[in-house]
Amino acid sequence: MKATIKPAKELDFNIDIRSTIQRLLLYKWWFLLALCISLSMSWYFTASTIPVYTVKASLLVKSNEKGQSAASVNQLLYGSEMLGSGKKLANEIALMQSTPFIKNILSRMDLKVLYDQKGRFYTIPLYKNNPFEVTLIDSMRNFAYYTVNFLNEKQVQFSYYDYFTDLTKQETFKVADTISFGNNRFILKLFPNYGFSAVKDKTFYVTIHTAETMANLFRGMLDARQQSREASIITLSFSSIIPQRDIDFLNQFMEEYVRYGLEDKTVEASKTIAFINKQLAAISDSLQRVESNLELFKLRNNVSEAVNPAAQLYEKLIKTSETKSSLLLTDKYYQYLEDYVKQNDDFNKDKIVVPSAVGLETNSAVSETLNKLIELQIEKNTYLKSGATKNPLLKDVTTQIQQLKQVLLENLNNLRNTNKMALQDAEVTISSMEKQMRTVPKSEREMVNIKRLFQLNENIYLLLLEKRLEADIAKASASADSKILEPATCDGLPIAPKKRNNYILGLLAGLIIPLIIVFIKEYLKSVIRNQEDIDKFSTIPLFGTIPHHSDKKANPLTILEKPKSRISEAFRSLRSNLAFFTQVNAKNSTFLFTSSISGEGKSFCSASFALVLASMNKKTLFMLTDLRKPKFYIGDIDITTYPQGLSSYLIGGATSEEIIVSTKIANLDFIPPGALPPNPAELLNRELMQTLIAELKQKYDFIVIDTAPIGLVSDAFSLMPYSDAILYVVKQNYTPFMHIKKVQEMYEEGKLNNIGFVLNDVKMFTEGYGYYGYGYYSGYGYYDDERRSWFKKLNAWLWNKK
């Protein structure tokens, strides 16, 4: 009876978690190996990485907003802004990270020579615990990296790699002697409290740094940033491999910055004092000369200082002269400022004197422009120190400076012209008064002129003394704009390597990497893995499942020798399933075994099935019709020893009785293939084959035919009309998908009837099978050959196999 043909099922991508996990258990050793490798790498990476710590400190710096109140108080007290406070945090951070500033700090610390000791996995830095000391003789030093080995208490070996000659140079020196090696001169001494035992059989490294390389090293490690937008706090941090050294550096760094800020704050006052002293020296000489002239005039002319008619005119002349002197001083400052602007491009507050510092009340536009120039210059220096020479903002700042310089020069020119006009008016007034003074007696007139000059110089001298006193008070009362908020500390916990993270990453890598490989291997390979794969590509029923046989040389006689074994039960189940799936008779039935390609176990399955049928006391014939590459697995029977066989019968060279061979196994005969012909397909298509099958069916209850694979040749198609059931053998993880698709196509076209698959070589607890699949479970000792390892027992317990 012909089976109802159904179209093949569409591919179902639903994932069976249980079967997926069971398939993964196949690769348990892969996962175990990957975990061992990845965790070993994590351990090595952790052990070979030098611990890195975070050293932190913080500074409180007065910002612009906080500096305004201080500036106003200073202006109220001293009439100037010499103590004006307020800083831009961005500029201060740029100053902190500048190479000159860091170099200045390092010059105060003994860090010219660094020491390291060779460890098991990495070099161990030594700071204040080095057993020896290298003292440089010359102030100038060249960068060098030496390897140091102590031979004994008195000899030490130095070696270094010369990049110019591409050679390693090595020399032996005496301890405590002057050593000239690698363009450096130094003395090496062992500390007495350590002794030779501390350096014996150990390798040390000595690094001599130049000031530039050391500054660049610390500049690269230092991280300075504003703590928050609202707070004027700068946080300093180091990613340090030598915590104590960097703690000392940061503490020295902050102390130097506070001192530098205090010095910077008094620079303006110092410049003002120098400027006033220069003016005082000139005024003092003039005052002494005028005072001498006044005394001499009194002695010569016997003139007293009693009130005279010229007193009132004299007072007016004195005031006008003071105005003229003030205008002259202002003009002198304008000239100084104009010359500075024309000759310099650096508007630094410690190089230029602001007008309020010398008590001059100038146009507010000049003061504002000058202050703006100073701010822009600071911003420009910030970009230059940070190395951002190509920053477009730097170009904008430079352009603004040039524009403000022109504006300042124009304002100064206008102010000087205005000042000259006022000076001319004062001179005209003085000239008029002097004409009036000529009407008074000559002696009184000369006396008034001398007194006028004396009082004028005296007033200017007193003014300058007052301003110098203000500058001295400002300098003496200056206080730092910053203070150490938190000294440098290290919490003692390394930020790298993070052991926990490394081992977690190693664990994940040991699971994920083999999982990816297994996924690629499993889901990209094109072979049948389980019954689900067969169901995806075909609607042909599965007649039975044959378990994997542990013996490398499989022998069908196991079915007779161990009737309670798994494989025996599997073939008996196959025999029962055939009665369920096909309409074969209990007698005179023919079963044809074929497969897709060679190596799928077709001959083994057909021979084993024949033995199962014979064990039922049914006369069974096993016919080998593979006339190209026949195989035989029953006992020690050698088919090559039988010259006559199926081919002999088909060519008319022997009768059916002559080609049938009896075996020692009850109820089992077989027909050998005979001599291998050159045209097997033509022989199998002869009418003699039909005659032979009809004759054999009269003698035997069952006929089992072993044919050639239909995926390679078409011999099996010649015998299919004589068979009652076709058993198509598929081997797990061996048979390609494409062959199953081809069989399905032939099945749908009606070329194959009563066909079913036999899944062969199925391994236990793999590919979604509990026992060997298709209704079988672990027998717990029910089968004779059931031997389970601890892993299989655990697997059975995990999946509740019974």
Side-chain angles (χ1 to χ4, degrees), residues 43-53 55 106-163 165-211 213-214 217-218 221 238-249 252 490 492 494 496-497:
W43 173 84
Y44 179 77
F45 178 79
T46 302
S48 62
T49 302
I50 186 169
V52 180
Y53 302 84
V55 178
L106 292 173
S107 64
R108 301 172 184 270
M109 301 178 67
D110 188 16
L111 293 178
K112 303 180 184 68
V113 182
L114 300 182
Y115 305 89
D116 298 278
Q117 179 181 337
K118 183 179 180 181
R120 183 179 180 184
F121 295 108
Y122 54 81
T123 57
I124 304 170
L126 304 175
Y127 178 69
K128 294 185 178 180
N129 60 341
N130 41 299
F132 63 93
E133 181 182 25
V134 171
T135 305
L136 295 172
I137 296 177
D138 299 329
S139 59
M140 296 298 292
R141 58 187 186 275
N142 297 286
F143 177 81
Y145 183 77
Y146 300 115
T147 301
V148 181
N149 295 96
F150 286 85
L151 304 180
N152 48 55
E153 295 183 356
K154 296 183 178 180
Q155 287 185 314
V156 60
Q157 186 181 77
F158 274 78
S159 61
Y160 81 100
Y161 178 75
D162 191 337
Y163 291 94
T165 61
D166 195 23
L167 296 172
T168 299
K169 296 184 178 181
Q170 182 174 301
E171 288 188 37
T172 301
F173 302 95
K174 290 184 178 180
V175 176
D177 278 2
T178 300
I179 298 174
S180 297
F181 194 55
N183 299 323
N184 287 297
R185 296 177 67 244
F186 50 87
I187 297 174
L188 184 145
K189 293 182 179 179
L190 272 171
F191 290 123
N193 55 330
Y194 283 96
F196 180 69
S197 58
V199 297
K200 184 180 179 181
D201 299 327
K202 294 179 181 178
T203 300
F204 297 90
Y205 304 100
V206 173
T207 307
I208 299 176
H209 284 280
T210 63
T213 57
M214 202 65 185
L217 175 65
F218 276 84
M221 293 190 298
F238 262 87
S239 293
S240 172
I241 60 174
I242 314 175
Q244 188 56 50
R245 182 197 69 183
D246 295 332
I247 287 174
D248 295 343
F249 173 81
Q252 182 72 32
C490 176

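Keep in mind the model is a prediction, meaning the values are calculated, not measured.
Contact check for Cys490 versus Asp246: no side-chain heavy atoms found under the 4.5 Å cut-off. Under the 4.5 Å side-chain criterion, counting only non-hydrogen atoms from C-beta, Thr172 is in contact with Gln157. Looking at heavy atoms from C-beta onward, Leu114 lies in side-chain contact with Arg245 at the 4.5 angstrom threshold. Side chains of Asn129 and Tyr194 form a contact here, defined as non-hydrogen atoms less than 4.5 Å apart. Side-chain contact between Met214 and Lys112 is absent, with no heavy-atom pair separated by less than 4.5 Å.
Applying the ring pair (Phe, Tyr, Trp, His ring centres under 6.0 Å) test to Tyr160 and every residue at least two apart in sequence or in another chain returns Tyr146, Phe181. Partners of Tyr44 according to the side-chain contact (heavy atoms from CB on, under 4.5 Å) rule, which considers only residues two or more places apart in sequence or in another chain, are Ser48, Phe121. Under the rule for a side-chain contact (heavy atoms from CB on, under 4.5 Å), Asp201 has no partner lying at least two apart in sequence or in another chain. Looking at residues two or more places apart in sequence or on another chain, you find no salt bridge (Lys or Arg N to Asp or Glu O under 4.0 Å) involving Asp116. Remark: Asn152 pairs with Gln155 by the side-chain hydrogen bond (donor to acceptor under 3.5 Å, both in side chains) rule, at least two apart or across chains. Evaluation of the salt bridge (Lys or Arg N to Asp or Glu O under 4.0 Å) rule for Lys189 yields no partner, not counting sequence neighbours. Under the side-chain contact (heavy atoms from CB on, under 4.5 Å) criterion, Thr147 pairs with Asn149, Ser159, Thr203, Tyr205, not counting sequence neighbours. In this structure, the ring pair (Phe, Tyr, Trp, His ring centres under 6.0 Å) partners of Phe132, at least two apart in sequence or on a different chain, are Tyr115, Phe150, Phe204. Residues that satisfy the side-chain hydrogen bond (donor to acceptor under 3.5 Å, both in side chains) test with Gln244, not counting sequence neighbours, are Asp248. Residues that satisfy the side-chain hydrogen bond (donor to acceptor under 3.5 Å, both in side chains) test with Thr46, not counting sequence neighbours, are Asn502. Listed by chain and number, the residues in a side-chain contact (heavy atoms from CB on, under 4.5 Å) with Ile50 are Tyr122, Pro125, Ile241 (sequence neighbours excluded).
The aromatic rings of Phe238 and Phe249 lie perpendicular to each other, with more than 60° between the two planes, well past the 30° mark.
From Ser107, atom OG reaches atom CD of Gln252 across 8.5 Å, with rounding to the nearest 0.5 Å. Taking CE from Met109 and CZ from Phe218, the interatomic distance works out to 6.5 Å, rounded to the nearest 0.5 Å. Within the model, atoms CD1 of Ile179 and CZ of Arg185 stand 11.5 Å from one another, a figure rounded to the nearest 0.5 Å. How far CG of Asn184 is from CG of Leu136: 6.5 Å, rounded to the nearest 0.5 Å. Taking CG of Leu111 as the start and CD1 of Ile242 as the end, the distance is 9.0 Å to the nearest 0.5 Å.
For Asn142 against Asn183, the heavy-atom pair with the smallest separation is ND2-O, 2.9 Å. Taking all atoms of both residues into account, the shortest heavy-atom contact from Phe158 to Leu188 is CZ-CD1, 3.5 Å. Between Val55 and Ser240, the shortest heavy-atom contact is CG2-CB, 4.0 Å. Closest approach of Leu190 to Gly195, counting heavy atoms only: CD2-O, 4.3 Å.
Each salt bridge (charged side-chain N to carboxylate O under 4.0 Å, His left out) pair with one or both residues in residues 170-182, not counting sequence neighbours, would appear here, but there are none.
Annotation for Phe45: atom CZ does not count as buried by contact number, only 12 or fewer foreign heavy atoms lying within 6.0 Å.
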Practice task
Test Thr178 against Phe173 for side-chain contact (heavy atoms from CB on, under 4.5 Å), laying out the working first.
Solution key: CA-CA 9 Å; Thr178 300; Phe173 302 95; over 6 Å; no
